[in-house]
Each structure stands twice: as C-alpha cells, then as structure tokens.
Amino acid sequence: MNKLSLDDLIKNIQSTDIAVRAAARDQAGSTGAPAIPPLAKIASSGDFEIARAAGRAIQNIVYFAGRPGAEDEAKAVTAELLNLLDDSRSLQFRRDVLSMTWQIAGEEAVGPVAAMLSNEGLHEDARMALERLPGEEATAALRTALKKATDAQKPAIAHSLRVRGEEVPGVPD
C-alpha cells in the first residue's frame, strides 16, 4: 500500500465517493502528525459521514504512531492532539481526543489533560485519561483532583487512584 500524500489524504477524505473516502481513512496512519490539524477541521464541520471519516483517520494516525519504536512520531501526534482540546471544538470531538491521547501520550500530556478536569462536560473523560497515562505525574494530578473534587466526583477519582495502586481511605468506590 502506497503512502498517501497529505494533499491526497485531505482531498480524498472529503470525497463523496464512499470507497475513495474509506481508502483515505484507512491509509491515513502513515501520513502522521501534519495531517491532524486539517483532519480536525474537517472532523469538526460539514457532512456527517465526511466528518466521521476524518475523525477515524485521526484515530488511525494515533494507532500508527503508537506502534513500537515510533516514540518520536507518538510525541508529535500527542502534541497535535493536545492542541485540539481548546473550546473551539465540539464536546464530543474533545472527548474523542482525550481518548486518543491516553493511547499514545506520556507525561507531557498530564498538565493539559488535568486542566480538562475543570470542564464539567470533559471531567470524566479527563479523569479516565489520567488514569491511563503513565508516570507519577498523572497519579499526582489525580491526588490533587481528589482534594478539589465535589462529593459526587470523589468516588470516581478514588477509583482511578486505586487502579493506579494508591490507597484512598474514607472514599467509597
């Protein structure tokens, strides 16, 4: 399978021909981090099927960048994903981005993901991403979140800490 150029990916992902669009989506992985901003723009607007294909193309880029030995690609893709968490995107799109982020990100994602805990619509997605991100920094962010959490949020955050091996006395699971 030939690598798709960025220009061809963007053109084909917007095709009204389902087969052309699907092929572009499926070949997007090797196009890498530079494809994420234009795909995100497409995924955030327009025709539902085209937007969905663009979102899935981003997911394929994440999968490709997450392969063993591709740490530099994973960092570049992570950086692009973190840029997509701003308020200009739909809530569902940002939820999807948080899910993709924990799949390949390292500790560089903890700060931006933890910042999403204050967003009511993204709180749970951010918590789950922090639960899955590697390193002590993610655990520390969850500890801090537990201290600031509402009573309704505390059990879920405590669960995430327990998943990470922390003892959390006094908070039900």
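Excluded from the calculations below are hydrogen atoms, water molecules and symmetry mates; all remaining heavy atoms, backbone and side chain alike, are included.
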Using side chain to side chain contact (heavy atoms under 4.5 Å, CB included), reason through M100 and I104 one step at a time and then give a plain yes or no. CA-CA 7 Å; M100 288 185 250; I104 60 166; over 6 Å; no
Side chains of [X] and [Y], heavy atoms from C-beta outward: is any pair under 4.5 Å?
X	Y	answer
L9	Q27	no
L146	L142	no
R89	D96	no

Counting N and O atoms only, with roles assigned by atom type, does the side chain of E107 sit under 3.5 Å from a partner on the main chain of E137, one being a donor and the other an acceptor?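 Yes, the answer is positive, given that a donor and an acceptor are paired below the 3.5 Å cut-off.
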Identify whether the distance between the nearest side-chain nitrogen and carboxylate oxygen of E136 and R164 falls below 4.0 Å. no
Listed by chain and number, what are the side chain to side chain donor-acceptor pair (under 3.5 Å) partners of E124, not counting sequence neighbours? R127
Suppose the criterion is side-chain hydrogen bond (donor to acceptor under 3.5 Å, both in side chains): which pairs have a residue in residues 46-65, not counting sequence neighbours?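 Qualifying pairs, neighbours excluded: E49-R52, Q59-Q103.
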In short, side-chain hydrogen bond (donor to acceptor under 3.5 Å, both in side chains) pairs touching residues 6-24 with sequence neighbours left out are S5-D8
Can you list the steps and then say if L39 with I61 is a side chain to side chain contact (heavy atoms under 4.5 Å, CB included)? CA-CA 11 Å; L39 286 170; I61 292 168; 3.7 Å; yes
For [X] versus [Y], what's the shortest heavy-atom pair and its separation?
X	Y	answer
A114	L130	CA-CD1, 4.0 Å
L133	A138	O-CB, 3.8 Å
V97	L81	CG1-O, 3.3 Å

Would you find more than 12 non-hydrogen atoms of other residues, nucleotides or ligands less than 6.0 Å from K75 atom NZ? no
